[in-house]
Amino acid sequence: MENICVLLTYPVPEYLVQKLEKRFTVFKFREVASNPQLLREISNSIRAIVGTSVCGADAGLIDALPKLEIVASYSVGFDKIDLVKCKERGITVTNTPDVLTDDVADSAIGLALATLRRMCVCDRFVRGGKWKKGDFELTTKFSGKSIGIVGLGRIGSAIAKRAEAFGSSISYHSRSEKPESNYKYYSNIIDLATNCQILFVACALTKETHHIVDRKVIDALGPKGIIINIGRGAHIDEPELVSALLEGRLAGAGLDVFEHEPEVPEELLGLENVVLQPHAGSDTVETSVAMSDLVIDNLEACFQNKPVLTPVI
């Protein structure tokens, strides 16, 4: 397969780069984009794209690659891929579900604990020598809180399972009720927010879920509510979130994702009731290896005319 050309649209772990380079001829988009002549020369040779949650394959790139057969995303999300264009062209699209579920769910619970128990602030309190002058103020309990989950898919369900271990009641909102679930279902997200104390956002990003958490939802959650977002930044109307935190209409937030990554609203950086992560919810060595292996397995299956393991389309 070494003669098959693959375009890597965004930096990925070195482990995946090495595995790709052992099997294929790899071109990196940042290098190609700065060399229009090279892009023209290789456009008829590229048969695969490997993308990420940051940069996948838009219509313009797909149109520029007439021999493209597969877009393999190193991510569970595929909102950076033009699925309509891929369907029109008969291009296979794959992602990396399941293997990152546990890590993202762990991160979600960790963000909730860190936000409620103010762990980052506590850490700075000790490091800054303030403990010698007095005890840290009381924080808020996580166990027993009512949990609302937006999106009860693989990750949402894993979050629910973990939250149950803390004695929490679980309710959820999704496109439709899950008949196999015993959790309370709300067809309206505002009703969900009204009836929970911590709102976890774990759905896929679509046109319908863009800014699904808006001012109305935030106000329904209320001044004692907490939002945890491990989905996509655009799930939340970010200016409204910032305003609610600054005005005390929301108690806190744990955020792994942002609307304009890697840019983060300046106002959030100075807030002690917010815990911030650099879109690292699935970033463990173990999961990175598993995701990389799945990308390779999907590519090899495609070029061996076998069914891919995790098809999106």
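Only a predicted model underlies this, so the values are computations on that prediction, with no experimental measurement involved. The figures here come from the full heavy-atom set of this structure, side chains too, leaving out hydrogens, waters and symmetry mates.
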*Asks:* Between the side chains of K178 and E180, is the shortest nitrogen-to-carboxylate-oxygen separation below 4.0 Å, so that they form an ion pair?
*Replies:*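 Result for this pair is no, no salt bridge flagged.
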*Asks:* Would you check if the side chain of H235 reaches a backbone N or O of C203 as a donor-acceptor pair within less than 3.5 Å?
*Replies:*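 The answer is yes, because a donor-acceptor pair under 3.5 Å joins these two groups.
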*Asks:* Determine, stepwise, if the pair E137 / R118 fulfils salt bridge (Lys or Arg N to Asp or Glu O under 4.0 Å).
*Replies:* CA-CA 10 Å; E137 61 191 73; R118 303 188 69 194; 2.5 Å; yes
*Asks:* Between side-chain atoms of residues 306-313 and protein atoms elsewhere (two or more places apart, or another chain), which donor-acceptor pairs fall under 3.5 Å?
*Replies:*
from: K306; atom 1: NZ; to: Q304; atom 2: OE1; distance (Å): 3.4
from: T310; atom 1: OG1; to: N95; atom 2: O; distance (Å): 2.6
from: T310; atom 1: OG1; to: N298; atom 2: ND2; distance (Å): 2.9

*Asks:* Determine whether N3 and T25 satisfy the following criterion, side-chain contact (heavy atoms from CB on, under 4.5 Å), listing intermediate values before the conclusion.
*Replies:* CA-CA 6 Å; N3 293 325; T25 299; 5.5 Å; no
*Asks:* How close do L152 and S181 get, counting heavy atoms only, and between which atoms?
*Replies:*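 Reported closest heavy-atom pair: CD2-OG, 3.7 Å.
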*Asks:* With a 4.5 Å limit on heavy-atom distance, are the side chains of F24 and C5 in contact?
*Replies:*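 No, side chains not in contact.
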*Asks:* Only counting residues at least two apart or in another chain, list the ones meeting side-chain hydrogen bond (donor to acceptor under 3.5 Å, both in side chains) with E286.
*Replies:*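 Expected list: none.
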*Asks:* Indicate yes or no for a side-chain donor-acceptor contact from T284 to the backbone of T287 under 3.5 Å, with no hydrogens or angles considered.
*Replies:*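 Such a contact is found between T284 side chain and T287 backbone.
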*Asks:* In sequence, state the C-alpha distance, the side-chain angles, and the governing distance for I46 and K67, and then conclude on side-chain contact (heavy atoms from CB on, under 4.5 Å).
*Replies:* CA-CA 6 Å; I46 299 296; K67 300 295 179 63; over 6 Å; no
*Asks:* Looking at side-chain heavy atoms only, is the closest gap between Y15 and S288 below 4.5 Å?
*Replies:*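 No, every pair of side-chain atoms sits at 4.5 Å or beyond.
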*Asks:* With sequence neighbours left out, write down each residue that passes salt bridge (charged side-chain N to carboxylate O under 4.0 Å, His left out) with R162, or none if nothing qualifies.
*Replies:*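 Listed in chain order: D102, D106.
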*Asks:* Say whether D103 and S282, considering side chains only, have a donor N or O and an acceptor N or O under 3.5 Å apart.
*Replies:*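 Not at all, the side chains of D103 and S282 share no donor-acceptor pair under 3.5 Å.
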*Asks:* Can a side-chain donor-acceptor contact be found between R117 and T139 if the only test is distance below 3.5 angstrom?
*Replies:*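 Present: a donor and an acceptor within the cut-off.
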*Asks:* Could I get the full list of side chain to side chain contact (heavy atoms under 4.5 Å, CB included) partners for K80, not counting sequence neighbours?
*Replies:*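 If we apply the side chain to side chain contact (heavy atoms under 4.5 Å, CB included) test to K80, skipping adjacent residues, there are no hits.
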*Asks:* Is D237 salt-bridged to R215, cutoff N-O under 4.0 Å?
*Replies:*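 Judged by the 4.0 Å cut-off on N to carboxylate O distance, D237 and R215 do not form a salt bridge.
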*Asks:* Under 3.5 Å, which donor-acceptor pairs do the side chains of residues 141-151 form with other protein atoms, sequence neighbours left out?
*Replies:*
from: K145; atom 1: NZ; to: K141; atom 2: O; distance (Å): 2.6
from: S146; atom 1: OG; to: Q197; atom 2: N; distance (Å): 3.0
from: S146; atom 1: OG; to: Q197; atom 2: OE1; distance (Å): 3.1

*Asks:* V104 and L205: same hydrophobic cluster, using ILVMFWY side-chain contacts below 4.5 Å?
*Replies:*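 Hydrophobic grouping puts V104 apart from L205.
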*Asks:* Under 4.0 Å between a Lys/Arg side-chain N and an Asp/Glu carboxylate O for K19 and D293?
*Replies:*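 Yes, K19 and D293 are salt-bridged.
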*Asks:* Who clusters with V54? Use side-chain heavy atoms, under 4.5 angstrom, across I, L, V, M, F, W and Y, and order the result by chain and number.
*Replies:*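 Other cluster members: Y10.
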*Asks:* List the atom of S43, the atom of A64, and the distance in Å for their closest heavy-atom pair.
*Replies:*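 Minimum heavy-atom contact is CB-O, 3.3 Å.
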*Asks:* For D297, does its backbone N or O pair with a side-chain atom of E300 as donor and acceptor, under 3.5 Å?
*Replies:*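 No; judged by distance alone, with no hydrogens or angles, the pair does not exist.
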*Asks:* Between S171 and K184 (side chain of the first, backbone of the second, donor and acceptor by atom type, cut-off under 3.5 Å), is there such a pair?
*Replies:*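 The answer is no, because no donor-acceptor pair under 3.5 Å joins these two groups.
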*Asks:* Run the side-chain contact (heavy atoms from CB on, under 4.5 Å) check on T140 and T115 step by step: do they pass?
*Replies:* CA-CA 9 Å; T140 303; T115 302; over 6 Å; no
*Asks:* Per the side-chain hydrogen bond (donor to acceptor under 3.5 Å, both in side chains) rule, which among R232, H210, K207 passes with D79?
*Replies:*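 Of R232, H210, K207, side-chain hydrogen bond (donor to acceptor under 3.5 Å, both in side chains) with D79 is met by R232 alone.
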*Asks:* Do the side-chain N and O atoms of E238 and H211 include a donor-acceptor pair separated by under 3.5 angstrom?
*Replies:*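 Looking only at side-chain atoms, H211 and E238 do not form any donor-acceptor pair under 3.5 Å.
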*Asks:* Are F78 and L83 close enough, and set up right, to give a side-chain contact (heavy atoms from CB on, under 4.5 Å), and what steps lead you there?
*Replies:* CA-CA 8 Å; F78 39 82; L83 297 182; 3.6 Å; yes
*Asks:* Locate the shortest heavy-atom distance separating C196 from L221; write the atom from each residue and the value.
*Replies:*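 Closest pair (atom of C196, atom of L221, distance): O-CD1, 3.5 Å.
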*Asks:* What is the minimum heavy-atom distance between A163 and I109, and which atoms define it?
*Replies:*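 Shortest heavy-atom separation between A163 and I109 comes out as N-CD1, 4.2 Å.
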*Asks:* Taking all heavy atoms of A193 and all of V217, pick out the closest pair and write down the distance.
*Replies:*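 In this case the closest contact between A193 and V217 is CB-O, 3.6 Å.
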*Asks:* Measure across V121 and E272 and return the closest heavy-atom pair with its distance rounded to 0.1 Å.
*Replies:*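 Of all heavy-atom pairs spanning V121 and E272, the closest is CG2-O, 3.4 Å.
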*Asks:* Would you find a donor on one side and an acceptor on the other, under 3.5 Å apart, between the side chain of N273 and the backbone of A251?
*Replies:*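 Pair found, side chain donor or acceptor close to backbone of A251.
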*Asks:* Is Y186 reachable from I228 through a run of hydrophobic residues whose side-chain heavy atoms are each under 4.5 Å from the next?
*Replies:*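 The answer is no; the residues belong to distinct hydrophobic clusters.
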*Asks:* Please tell me if the side chains of L7 and L61 come closer than 4.5 Å, counting only heavy atoms from C-beta onward.
*Replies:*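 In short, these two side chains touch, coming nearer than 4.5 Å.
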*Asks:* Can you find a heavy atom in the side chain of V6 that is under 4.5 Å from one in the side chain of R47?
*Replies:*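 The answer is no, as the side chains (C-beta and beyond) never meet within the 4.5 Å cut-off.
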*Asks:* Under 3.5 Å, is there a donor-acceptor pair linking the side chains of E164 and Y183?
*Replies:*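 Indeed, the side chains of E164 and Y183 share at least one donor-acceptor pair under 3.5 Å.
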*Asks:* Hey, do the aromatic rings of Y185 and Y172 have their centres closer than 6.0 Å?
*Replies:*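 Centroid distance Y185-Y172: below 6.0 Å, so yes.
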*Asks:* Is I227 reachable from V257 through a run of I, L, V, M, F, W or Y residues, each pair having side-chain heavy atoms under 4.5 Å apart?
*Replies:*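 Per the 4.5 Å side-chain linkage, V257 and I227 are not co-clustered.
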